[in-house]
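Down below is the structure, laid out as structure tokens.
Remember, predicted model here, so these are calculated numbers, not experimental data.
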Amino acid sequence: MDDQTLMQHLANTLSSDNQLRKQSETILLSNNSQVTRQILTLLLSNDKITIQLQLVALTLIKNRIANDWSSSSTSDELKQDVKEKIVKYIVNISNPFSANSQLLIRMSLKIIDLILLHTKSEFQFELLNFANDLLTSKAESVSDFYLCTSIIRQVARLNRHLNDYDLINEIASNFFPYFQNFLNNYKEQLKDNNIDSNKEFICYEILKILNYCTTTRICEYHQKSNNLENLCSTLNELFYLFLTTTGSFRNMKWILRFMIKLQIRSAQIKDSSIYVPTFISILQDSVIPYNVTKILEYTNKDTVALEKFVLIDKENDDSSSKERALYYFLIFLTKSVTPTTYCYIEPYMNSIISNVIVKLLSIDEYQIEDFEENPNEFINSRITAHALYSNNIL
């Protein structure tokens, strides 16, 4: 089919005419696999195609990938061309932080995700090599940096539960230095009250990659030198800045999830051969205590911000992300109540009970006032009442 006919069929899929729409959809889905290459070629060569029509084209490609990739009639040459073109398409998206561009990026990443599921692992390394080349040549471009992190995240996510850790280690060694540098600079900008929503997008992607690369073990990169210590120092400061300055709860959530993963890895080390020997003691005796202390120190540094964090307003658009962040904050506290880490949480227990536990458990403001007036009496009366109630039941 020629390009003009192809474009017309794509446009027809948006028609209110049900018969015309279904007819074009059938033609597009039943055409041979060459149509995916033709569509991508059109998207790359014509910047006048509307966002809506681009989204239709990408959706069609996504819906065809499984059949095209499993069909013996689809040549390796065609597959390789489609892989190269979809990556090139993503990188060519202008203003990737806009709402419309985000729709196109998400759909493009779904296509990459499907290709990764239906192809050999070579494509993963191709993606990482592409991202590495782009970062090396355009490290100062915020847009390109964001697109690179989005691509890297797809690969890391796909490999997060695998026992073969070579690829995760490659991601860490090649990209974590860039990520650390970005997070450090971003932290300093937030300290100066220089809030950039685009960089918050990038931070979000980086935090997810860090989590995916720590799902089964701590990567080799973070076992070397002071890499993990430096990262944790930066993340703890960012957590405080998100809590008090930007209210970026989704980023707070991913920081807490990473801290929890470190706690779990530390508590479950069985085969020490996967870690550098000196690293185990650094993790257990230095990194974990530091994280517990800093998170609690920072949250108690600004009790007004902490109270706002704990107070969930269901009418607020951010309530769901705040709830998830608070959920992981409580898990972090729970994981900190252990024989080895409780000594670091104990100095903050009164504040935690006052500003977190009671606020969450109390059902009205009068009970909160009773607690603040006399915490010991409030707790003792609750315990006594609970004991009497339990005895009456028995």
Side-chain angles (χ1 to χ4, degrees), residues 1 3 6-7 9-11 13-14 24-25 27-47 49-71 73-131 133-134 143-144 146-160 167 171 201 205 208-209 212:
M1 130 181 23
D3 290 351
L6 174 60
M7 289 295 294
H9 281 305
L10 287 171
T13 62
L14 299 172
S24 287
E25 287 174 352
I27 291 172
L28 290 169
L29 288 170
S30 62
N31 211 280
N32 65 53
S33 56
Q34 291 286 342
V35 74
T36 57
R37 170 159 52 190
Q38 188 180 0
I39 292 172
L40 284 169
T41 301
L42 280 172
L43 292 177
L44 288 169
S45 61
N46 188 349
D47 58 1
I49 301 175
T50 65
I51 295 292
Q52 194 173 21
L53 206 54
Q54 289 185 63
L55 196 58
V56 167
L58 292 171
T59 303
L60 174 66
I61 295 173
K62 178 183 75 70
N63 292 339
R64 290 192 57 118
I65 287 295
N67 287 334
D68 288 351
W69 249 247
S70 59
S71 173
S73 63
T74 306
S75 67
D76 290 340
E77 181 271 333
L78 173 61
K79 292 178 181 178
Q80 184 62 31
D81 197 32
V82 169
K83 288 189 289 187
E84 291 175 1
K85 279 182 166 58
I86 189 63
V87 174
K88 187 175 181 181
Y89 172 78
I90 292 176
V91 177
N92 286 348
I93 292 175
S94 59
N95 189 16
F97 301 104
S98 70
N100 284 334
S101 293
Q102 283 289 301
L103 292 173
L104 299 177
I105 291 170
R106 282 198 291 270
M107 187 58 70
S108 300
L109 291 174
K110 286 181 180 179
I111 293 172
I112 285 181
D113 206 28
L114 287 171
I115 293 175
L116 286 169
L117 291 173
H118 290 90
T119 193
K120 295 180 180 179
S121 60
E122 285 80 0
F123 185 42
Q124 299 182 96
F125 292 96
E126 291 172 17
L127 288 171
L128 295 180
N129 288 335
F130 176 84
D133 291 342
L134 191 61
S143 295
D144 287 330
Y146 168 65
L147 292 171
C148 281
T149 56
S150 298
I151 291 171
I152 296 165
R153 183 247 298 164
Q154 291 299 105
V155 179
R157 179 177 173 273
L158 185 66
N159 288 270
R160 66 192 186 279
L167 191 135
I171 291 174
F201 267 101
E205 296 296 329
K208 286 194 287 187
I209 294 170
Y212 294 149

Task: Min side-chain heavy-atom separation Asn46-Asp3 under 4.5 Å - done: no
Open item on the list: I need the minimum non-hydrogen distance between Asp68 and Lys79, along with the two atoms involved.
Closed with: O-CE, 4.3 Å
- [ ] Look at the side chain of Gln124 and the backbone N and O of Leu116, then say whether any donor-acceptor pair between them is shorter than 3.5 Å.
- [x] no
Open item on the list: Please find the pair of heavy atoms, one from His9 and one from Ser24, that lie closest to each other, and give the distance.
Closed with: ND1-OG, 2.9 Å
Task: Side-chain donor/acceptor of Thr149 to backbone N/O of Tyr146, under 3.5 Å - done: yes
Task: Heavy-atom pair with the smallest gap, counting every atom of Leu109 and Gln154 - done: O-NE2, 3.3 Å
Open item on the list: I'd like to know whether Ile112 forms a side chain to side chain contact (heavy atoms under 4.5 Å, CB included) with Phe123, so could you lay out the CA-CA distance, the side-chain angles of the two residues, the decisive distance to 0.1 Å, and finally the verdict.
Closed with: CA-CA 9 Å; Ile112 285 181; Phe123 185 42; 4.2 Å; yes
Task: Enclosure of Arg160 CZ (heavy-atom neighbours >12, cutoff 6.0 Å) - done: yes
Open item on the list: Between Glu122 and Gln80, is the side chain to side chain contact (heavy atoms under 4.5 Å, CB included) condition met? List the steps.
Closed with: CA-CA 11 Å; Glu122 285 80 0; Gln80 184 62 31; over 6 Å; no
TODO: Working to the nearest 0.5 Å, report the span between CG of Leu28 and CG of Asn63.
DONE: 11.0 Å
Task: Gap separating the CG atom of Leu147 from the CZ atom of Phe130, nearest 0.5 angstrom - done: 9.0 Å
TODO: Decide yes or no on side chain to side chain contact (heavy atoms under 4.5 Å, CB included) for Ile86 and Leu58, but give the supporting numbers first.
DONE: CA-CA 9 Å; Ile86 189 63; Leu58 292 171; 4.1 Å; yes
- [ ] Would you give the length of the straight line joining atom CG of Asp133 to atom CG of Leu128, rounded to the nearest 0.5 angstrom?
- [x] 11.0 Å
TODO: Identify the heavy atoms of Lys83 and Trp69 that sit nearest to each other, and give their distance.
DONE: CG-CZ2, 4.2 Å
- [ ] Only one of Leu44, Leu40, Leu43 passes side-chain contact (heavy atoms from CB on, under 4.5 Å) with Lys88; say which it is.
- [x] Leu44
Task: Over 12 foreign heavy atoms within 6.0 Å of CD, Gln52 - done: no
Task: Heavy-atom closest contact (Ala57 atom, Ile39 atom, distance) - done: CB-CG2, 3.5 Å
Task: Other residues, nucleotides, ligands: >12 heavy atoms within 6.0 Å of Lys110 NZ - done: no
Open item on the list: Check whether Thr119 reaches the backbone of Ile115 with its side chain - one donor and one acceptor, N or O, closer than 3.5 Å.
Closed with: no
Task: Spatial distance of atom CD1 (Ile93) from atom OG (Ser108) [nearest 0.5 Å] - done: 4.5 Å
Task: Nearest-0.5 Å distance, CZ of residue Arg106 to OG of residue Ser101 - done: 10.5 Å
- [ ] Without swapping roles, check the side chain of Gln102 against the backbone of Phe97 for a donor-acceptor pair under 3.5 Å.
- [x] no
Task: Nearest-0.5 Å distance, CD of residue Gln34 to OG1 of residue Thr36 - done: 7.5 Å
Open item on the list: Between Asn129 and Phe125 (side chain of the first, backbone of the second, donor and acceptor by atom type, cut-off under 3.5 Å), is there such a pair?
Closed with: yes
Task: Backbone N/O of Asn67 and side chain of Ser70: donor-acceptor pair under 3.5 Å - done: yes
